[in-house]
Amino acid sequence: MTTLRPFTCDDLFKFNNIMQFSLTFDLQYGIPFYLQYLAHWPEYFIVAEAPGGELMGYIMGKAEGSVAREEWHGHVTALSVAPEFRRLGLAAKLMEMLEEISERKGGFFVDLFVRVSNQVAVNMYKRLGYSVYRTVIEYYSASNGEPDEDAYDMRKALSRDTEKKSIIPLPHPVRPEDIE
């Protein structure tokens, strides 16, 4: 049986099977980055663990934004499931848990950024009720001389956003420096 539990520091040493194939892991996600999230938003950092102790996947997020401007929300920083554990509903369950935490914290919505080219992820998020709020031009820095890649900022309104204002799509793309 899969156990969903809070992330611990020891989990940093069990990530290999997840990270080896993850698009979300690169040099910016070093140990200090994970520890910062664990220190500031521990409730938003959840792992799925197999009965033998192997990590199956994780979600890492945070709460951010302005309550006064109705922009207080949960943010998904990273979601990853090891290849051998995909298509079991783990990503959906982890997303549901982050949404529930954001709901309890009074968020108006949950958002995430995903590569425009990652249609598998985009389609999964759409099935989970997310919609494209805006396109962010050259959000992801490329490597190996490739061009930078655009991202979708996808959102799902929570119950506090009764009029669903947080998910009304912007009519034009934005640049990363335009994001608050």
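As a basis for the values below, the full set of heavy atoms in this structure was taken, side chains included, without hydrogen atoms, waters or symmetry mates.
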To the nearest 0.5 Å, how far apart are [atom1] in [X] and [atom2] in [Y]?
{"X": "Arg175", "Y": "Asp150", "atom1": "CZ", "atom2": "CG", "answer": "8.5 Å"}
{"X": "Lys156", "Y": "Ser131", "atom1": "NZ", "atom2": "OG", "answer": "10.5 Å"}
{"X": "Met154", "Y": "Thr135", "atom1": "CE", "atom2": "OG1", "answer": "10.5 Å"}
{"X": "Arg155", "Y": "Leu112", "atom1": "CZ", "atom2": "CG", "answer": "10.5 Å"}
{"X": "Arg104", "Y": "Glu100", "atom1": "CZ", "atom2": "CD", "answer": "6.5 Å"}

Please report the closest heavy-atom contact between [X] and [Y], naming both atoms and the distance.
{"X": "Lys62", "Y": "Glu64", "value": "CE-OE1, 3.0 Å"}
{"X": "Ser166", "Y": "Asp161", "value": "OG-OD2, 2.5 Å"}
{"X": "Gly61", "Y": "Tyr37", "value": "O-CD2, 3.3 Å"}
{"X": "Tyr44", "Y": "Ala63", "value": "OH-CB, 3.8 Å"}
{"X": "Ser102", "Y": "Leu158", "value": "CB-CD1, 3.7 Å"}
{"X": "Leu12", "Y": "Tyr34", "value": "CD2-CB, 3.6 Å"}

For [X], side chain to side chain contact (heavy atoms under 4.5 Å, CB included) partners two or more places apart:
{"X": "Gln119", "answer": "Val122, Asn123, Tyr152"}
{"X": "Arg5", "answer": "Thr3, Thr8, Asp11, Lys14, Val47, Glu49, Leu55"}
{"X": "Pro6", "answer": "none"}
{"X": "Ser141", "answer": "Asp148"}

Pairwise side-chain contact, [X] with [Y], heavy-atom cut-off 4.5 Å (strictly under):
{"X": "Val67", "Y": "Arg160", "value": "yes"}
{"X": "Val132", "Y": "Pro169", "value": "no"}
{"X": "Phe33", "Y": "Thr77", "value": "yes"}

Contacts of [X] that satisfy salt bridge (charged side-chain N to carboxylate O under 4.0 Å, His left out) - sequence neighbours left out:
{"X": "Lys164", "answer": "none"}
{"X": "Lys165", "answer": "Glu70"}
{"X": "Arg134", "answer": "Asp153"}
{"X": "Arg127", "answer": "none"}

To which residues is Ile137 joined in a hydrophobic cluster, defined by side-chain heavy-atom contacts under 4.5 Å among Ile, Leu, Val, Met, Phe, Trp and Tyr, whether direct or through other members?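 Grouped by the 4.5 Å side-chain rule, Ile137 forms a cluster of one, so the answer is none.
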
Other ILVMFWY residues reachable from Phe113 by side-chain steps of under 4.5 Å: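 Members other than Phe113 - counting any ILVMFWY side chain reachable under 4.5 Å - are Tyr133, Val136, Tyr139, Tyr140, Leu170, Val174, Ile179.
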
Same cluster or not: are [X] and [Y] linked, directly or through other Ile, Leu, Val, Met, Phe, Trp or Tyr residues, by side-chain heavy atoms under 4.5 angstrom apart?
{"X": "Val76", "Y": "Leu4", "result": "yes"}
{"X": "Phe108", "Y": "Leu98", "result": "no"}
{"X": "Tyr130", "Y": "Ile167", "result": "no"}
{"X": "Val110", "Y": "Met60", "result": "yes"}

Are there over 12 heavy-atom neighbours, none belonging to Arg87, within less than 6.0 Å of that residue's CZ?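 No.
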
Under-4.0 Å salt bridge between Lys105 and Glu43: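 Looking at Lys105 and Glu43, the cut-off is met.
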
Among all residues two or more places apart in sequence or in another chain, which pass the ring pair (Phe, Tyr, Trp, His ring centres under 6.0 Å) test with Trp72?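 Applying ring pair (Phe, Tyr, Trp, His ring centres under 6.0 Å) to Trp72 gives none.
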
Restricting to ring pair (Phe, Tyr, Trp, His ring centres under 6.0 Å), what partner residues turn up for Phe109, sequence neighbours left out?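 Scan of Phe109 (ring pair (Phe, Tyr, Trp, His ring centres under 6.0 Å), adjacent residues dropped) gives His73.
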
Would you please test Ile101 and Ile46 for side chain to side chain contact (heavy atoms under 4.5 Å, CB included) and show each step? CA-CA 11 Å; Ile101 292 163; Ile46 303 159; 3.9 Å; yes

Test side chain to side chain contact (heavy atoms under 4.5 Å, CB included) applied to Thr2 and Met56, step by step: CA-CA 8 Å; Thr2 302; Met56 303 165 76; 3.4 Å; yes

For a side chain to side chain contact (heavy atoms under 4.5 Å, CB included) check, start with the C-alpha distance between Leu79 and Tyr125, then their side-chain angles and the critical distance, and finish with the verdict. CA-CA 11 Å; Leu79 170 67; Tyr125 293 128; 3.6 Å; yes

